[in-house]
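Quick note: residue numbers are just sequence positions, from 1.
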Amino acid sequence: SAADIEIITAANLGLDVLAGQIGHPEYHFDDSAFAAGEAFIGQQRQAVVDAVLRGDRAAALAAFGRLTHARQDFYAHSNWVRRWAESQGGVEHCQPAATPLCLDPRTVPGLISGNNLLFVYILHRLPLLGPLFKRLYMPPQSHEAMNLDHPGRGPLFPLAMAAAAAHTRMELTQTVAALQTAG
C-alpha cells in the first residue's frame with residue numbers, strides 16, 4: 001500500500017541522516033566495509049522475519065527499508081559499476097539492464113568503495129566555500145569522488161541505478177523466502 005511504501009522509504013532515507021553517516025560504513029558499503037555491509041543486510045532481513053513473527057508490520061517494513069538502502073548504496077558507492085563498464089570498453093557500450101549484480105562483494109578482488117572522510121564531507125558542505133573546495137580538493141577514493149548517488153554524477157548513474165533496482169527485487173525475493181522458511 002502507499003502507507004507501506006512510505007514506511008519503507010522513510011527507513012531507507014533515514015540511514016542518510018548525519019548520525020547514519022558517521023561511524024556506520026555498513027549502512028552504505030563505505031570504507032570498503034563489504035563484510036560489515038553484508039552482515040548488516042543479514043541482520044535487517046532477520047529483523048523483518050522477527051517483526052513479522054511478532055505481528056509488527058511497521059517494524060518489518062522499516063527493516064526492509066534499511067536493508068534496501070544498504071544494498072542500493074553498494075552500487076552507488078563502490079567501483080563495481082565503473083569496473084564493469086571499463087571491462088565492456090566504456091560506458092557507451094553498456095546497457096543499464098545488462099549491468100551485472102554483485103552477489104558477494106567480499107569475494108571480488110580489487111573491489112573498493114569510497115572512504116567517508118568526515119573533514120571532506122564538512123568542507124564540501126560549507127556555505128559558499130563548499131563548491132570551491134569540491135573543485136580544489138577531492139581525494140580520488142573518497143565517497144565524495146566515487147559516489148553515483150544522483151544523475152548529476154555522470155553516465156555511470158543509470159548503470160548503478162539499474163543494478164540497484166534489480167538487486168532490490170532479488171532482496172525482496174530472498175526476504176519472502178526467509179519469511180516462508182520461518183513459517
Side-chain angles (χ1 to χ4, degrees), residues 1-17 19-85 87 94-114 116 143 146-149 156-183:
S1 70
D4 290 349
I5 294 294
E6 282 185 35
I7 294 169
I8 293 168
T9 302
N12 183 304
L13 296 175
L15 293 184
D16 276 339
V17 299
Q21 298 288 331
I22 299 170
H24 292 288
E26 72 277 11
Y27 294 177
H28 316 283
F29 278 90
D30 287 335
D31 302 330
S32 298
F34 301 123
E38 289 298 325
F40 177 72
I41 287 171
Q43 292 162 359
Q44 294 308 302
R45 185 175 296 114
Q46 187 59 51
V48 170
V49 171
D50 294 345
V52 168
L53 291 176
R54 68 176 183 272
D56 190 344
R57 181 182 185 88
L61 294 168
F64 188 70
R66 292 186 298 271
L67 179 160
T68 60
H69 181 103
R71 182 58 72 205
Q72 293 159 357
D73 268 3
F74 167 78
Y75 293 99
H77 296 182
S78 73
N79 65 343
W80 174 263
V81 171
R82 182 176 313 282
R83 289 175 57 178
W84 176 71
S87 78
C94 299
Q95 294 297 317
T99 308
L101 301 185
C102 180
L103 301 180
D104 190 351
R106 298 167 293 191
T107 65
V108 180
L111 190 65
I112 62 169
S113 65
N116 204 354
H143 170 81
M146 290 182 66
N147 85 73
L148 302 172
D149 286 334
L156 293 173
F157 173 78
L159 305 177
M161 189 71 173
H167 212 144
T168 297
R169 288 187 293 275
M170 181 182 285
E171 289 296 347
L172 178 59
T173 300
Q174 291 175 332
T175 302
V176 169
L179 288 166
Q180 290 171 334
T181 298

Nearest heavy-atom neighbours spanning [X] and [Y]:
X    : Y   : answer
G110 : N79 : O-ND2, 3.3 Å
I7   : A58 : CG2-O, 3.7 Å
H28  : L15 : CE1-O, 3.1 Å
A163 : Y75 : CB-CD2, 3.5 Å

Review point. Between the side chain of T9 and the main-chain N/O of E6, is any donor-acceptor distance below 3.5 Å?
Key: no

Study note, to complete from the structure: dist L156:CG -> M161:CE (nearest 0.5 Å) comes out at 14.5 Å

Point to revise | Interatomic distance, H143 atom NE2 to F29 atom CZ [nearest 0.5 angstrom] | key: 14.5 Å

Exercise for review: Can you label the angle between the W80 ring and the F74 ring as parallel, tilted or perpendicular, going by 30° and 60°?
Suggested key: tilted

Extract all donor-acceptor atom pairs below 3.5 Å that involve side chains of residues 31-39 and protein atoms in other chains or at least two apart in sequence.
| unit_1 | atom_1 | unit_2 | atom_2 | d |
| --- | --- | --- | --- | --- |
| D31 | OD1 | N116 | N | 2.8 |
| S32 | OG | S113 | N | 3.0 |
| E38 | OE1 | R71 | NH2 | 3.1 |
| E38 | OE2 | R71 | NH1 | 2.8 |

Practice item. For residues V81 and F157, determine if any side-chain heavy atom of one lies less than 4.5 Å from a side-chain heavy atom of the other. Key: no

Check your understanding: Do the non-hydrogen side-chain atoms of L13 and H69 ever get within less than 4.5 Å of each other?
Key -> no

Check your understanding: Got a sec: does the CE of M146 have more than 12 other heavy atoms crowding it under 6.0 Å?
Key -> yes

Check your understanding: More than 12 heavy atoms of other residues, nucleotides or ligands under 6.0 Å from CZ of R82: is that the case?
Key -> no

**Study point:** side chain to side chain contact (heavy atoms under 4.5 Å, CB included) between L172 and F64, worked out
**Key:** CA-CA 8 Å; L172 178 59; F64 188 70; 3.9 Å; yes

Review point. Which of these passes side chain to side chain donor-acceptor pair (under 3.5 Å) with T68: T175, D73, N12?
Key: N12

Only pairs under 3.5 Å count here: list side-chain donor-acceptor contacts from residues 40-52, not counting sequence neighbours, and write none if there are none.
| unit_1 | atom_1 | unit_2 | atom_2 | d |
| --- | --- | --- | --- | --- |
| Q44 | OE1 | R66 | NE | 2.8 |
| Q44 | OE1 | R66 | NH2 | 3.1 |
| R45 | NH2 | E171 | OE1 | 2.1 |
| R45 | NH2 | Q174 | OE1 | 3.2 |
| Q46 | NE2 | D50 | OD1 | 2.8 |

Point to revise | Residues D30 and H24: side-chain donor-acceptor under 3.5 angstrom | key: no

Check your understanding: Under the side chain to side chain contact (heavy atoms under 4.5 Å, CB included) criterion, do M170 and L103 qualify, and how do the steps go?
Key -> CA-CA 10 Å; M170 181 182 285; L103 301 180; 3.8 Å; yes

